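Step one of this worksheet: look at the structure below.
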Amino acid sequence: MTSSRPYLVRAFNEWILDNDCTPYIVVDAGVQGVQVPTEHVANGQIVLNISPGAVRGLVIGNGALEFSARFGGVPMQVFIPLQAVMAIYAKENGEGMVFGSEPGTPDPDGPGDKDDGRSQGGPDERPSGRPTLKVVK
């Protein structure tokens, strides 16, 4: 099956906007193909506002998310392979979704899971390779 991530990112983006909130994405800047302003990367990640007022020409395709935006007044074309999107959430209340690795998708970090401490449930304690569902509040 194809990845569910692009469908979920599009759906959460629409849901966040429909509720008059601001969609933010967390991106793993170390994934091959990511083109973001490196001066704003911290701890290998960057958080980006993808609301219509912040970006132009947002396209969330099945393989990548791309848009143009200004960073410090400098225009830039941003390109993010969807496997690099770690989370999408509403700035105002934190509601959204954190993505794990999907079955059949190569892990961009190699063997072993990494926990960024963002999930409310703490470190991921599931056995490797078993699918799980997360409750988003």
Side-chain angles (χ1 to χ4, degrees):
M1 290 191 64
T2 61
S3 172
S4 61
R5 191 171 306 203
Y7 302 94
L8 293 169
V9 170
R10 285 190 290 265
F12 271 93
N13 183 53
E14 184 177 337
W15 175 68
I16 290 166
L17 291 171
D18 284 352
N19 285 282
D20 297 320
C21 291
T22 310
Y24 274 50
I25 58 172
V26 180
V27 177
D28 181 347
V31 172
Q32 185 173 359
V34 170
Q35 296 172 8
V36 295
T38 56
E39 63 272 15
H40 297 287
V41 173
N43 298 321
Q45 300 176 358
I46 186 169
V47 178
L48 298 168
N49 175 349
I50 59 168
S51 69
V55 303
R56 298 283 177 255
L58 175 66
V59 176
I60 305 172
N62 287 341
L65 180 151
E66 54 187 310
F67 58 86
S68 59
R70 292 183 173 270
F71 297 90
V74 178
M76 179 178 184
Q77 185 67 27
V78 174
F79 182 86
I80 302 162
L82 278 168
Q83 70 264 23
V85 176
M86 300 170 66
I88 182 168
Y89 66 94
K91 172 189 169 193
E92 290 77 5
N93 58 19
E95 290 197 39
M97 181 173 214
V98 176
F99 299 103
S101 61
E102 295 183 43
T105 305
D107 185 359
D109 300 315
D113 290 337
K114 77 175 181 183
D115 180 23
D116 64 4
R118 293 180 184 273
S119 62
Q120 292 180 354
D124 193 357
E125 297 175 7
R126 66 180 166 85
S128 179
R130 293 193 51 197
T132 63
L133 295 175
K134 294 184 181 180
V135 177
V136 179
K137 295 184 180 186

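Bear in mind that the values here come from a model prediction, so they are computed numbers and not experimental data.
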>> Between Y24 and I16, does the side-chain contact (heavy atoms from CB on, under 4.5 Å) criterion hold? Intermediate values first, please.
In response: CA-CA 9 Å; Y24 274 50; I16 290 166; over 6 Å; no

>> A quick test of your reading: do over 12 heavy atoms of other residues, nucleotides or ligands sit less than 6.0 Å from CG of D18?
In response: yes

> When rounded to the nearest 0.5 angstrom, what is the spacing between CD in E95 and SG in C21?
Replying inline: 8.0 Å

>> If I compare all heavy atoms of S68 with all of Q77, which pair ends up nearest, and what's the gap?
In response: CB-OE1, 3.4 Å

> In Å and rounded to the nearest 0.5 Å, what is the OH to OG1 distance from Y89 to T22?
Replying inline: 10.5 Å

>> Can you give me the closest heavy-atom contact between P6 and G61, atom names plus distance?
In response: CB-O, 3.4 Å

>> To check you understand the geometry: which heavy-atom pair defines the closest contact between L82 and R5, and what is its length?
In response: O-CD, 3.0 Å

> How many angstroms lie between atom CG of L65 and atom CD1 of I50, to the nearest 0.5 angstrom?
Replying inline: 5.5 Å

>> Tell me the closest heavy-atom pair linking A84 and I80, and the distance in Å.
In response: CB-CG2, 4.0 Å

>> Quick check for you: to the nearest 0.5 Å, what is the distance between N13 atom CG and I60 atom CD1?
In response: 4.5 Å

>> Please determine whether side-chain contact (heavy atoms from CB on, under 4.5 Å) holds for the pair N49 and K91, giving the CA-CA distance in whole Å, both sets of side-chain angles, and the decisive distance to 0.1 Å.
In response: CA-CA 9 Å; N49 175 349; K91 172 189 169 193; over 6 Å; no

>> Taking V85 as the starting point, is it possible to reach Y7 by hopping between hydrophobic residues whose side chains are less than 4.5 Å apart?
In response: no

>> Please check if the number of heavy atoms outside Q32 that lie under 6.0 Å from its CD is greater than 12.
In response: no

>> Can you tell me how far apart CD (Q35) and CD (E66) are? Round to the nearest 0.5 Å.
In response: 9.0 Å

>> Check for me, please, whether V26 and F79 land in the same ILVMFWY cluster - side-chain distances under 4.5 Å, paths through other members count.
In response: no

> Side-chain heavy atoms under 4.5 angstrom apart, residues restricted to Ile, Leu, Val, Met, Phe, Trp, Tyr: same cluster for I25 and L17?
Replying inline: no

> Of all heavy-atom pairs between A29 and V36, which one has the smallest distance, and what is that distance?
Replying inline: CB-CG2, 4.4 Å

>> Pair V27, L48 - check side-chain contact (heavy atoms from CB on, under 4.5 Å), show working.
In response: CA-CA 8 Å; V27 177; L48 298 168; 4.3 Å; yes

> Are there more than 12 heavy atoms of other residues, nucleotides or ligands under 6.0 Å from atom CD of E92?
Replying inline: yes

> Atom CH2 of W15 and atom CG of L8: how far apart are they, to the nearest 0.5 Å?
Replying inline: 12.5 Å

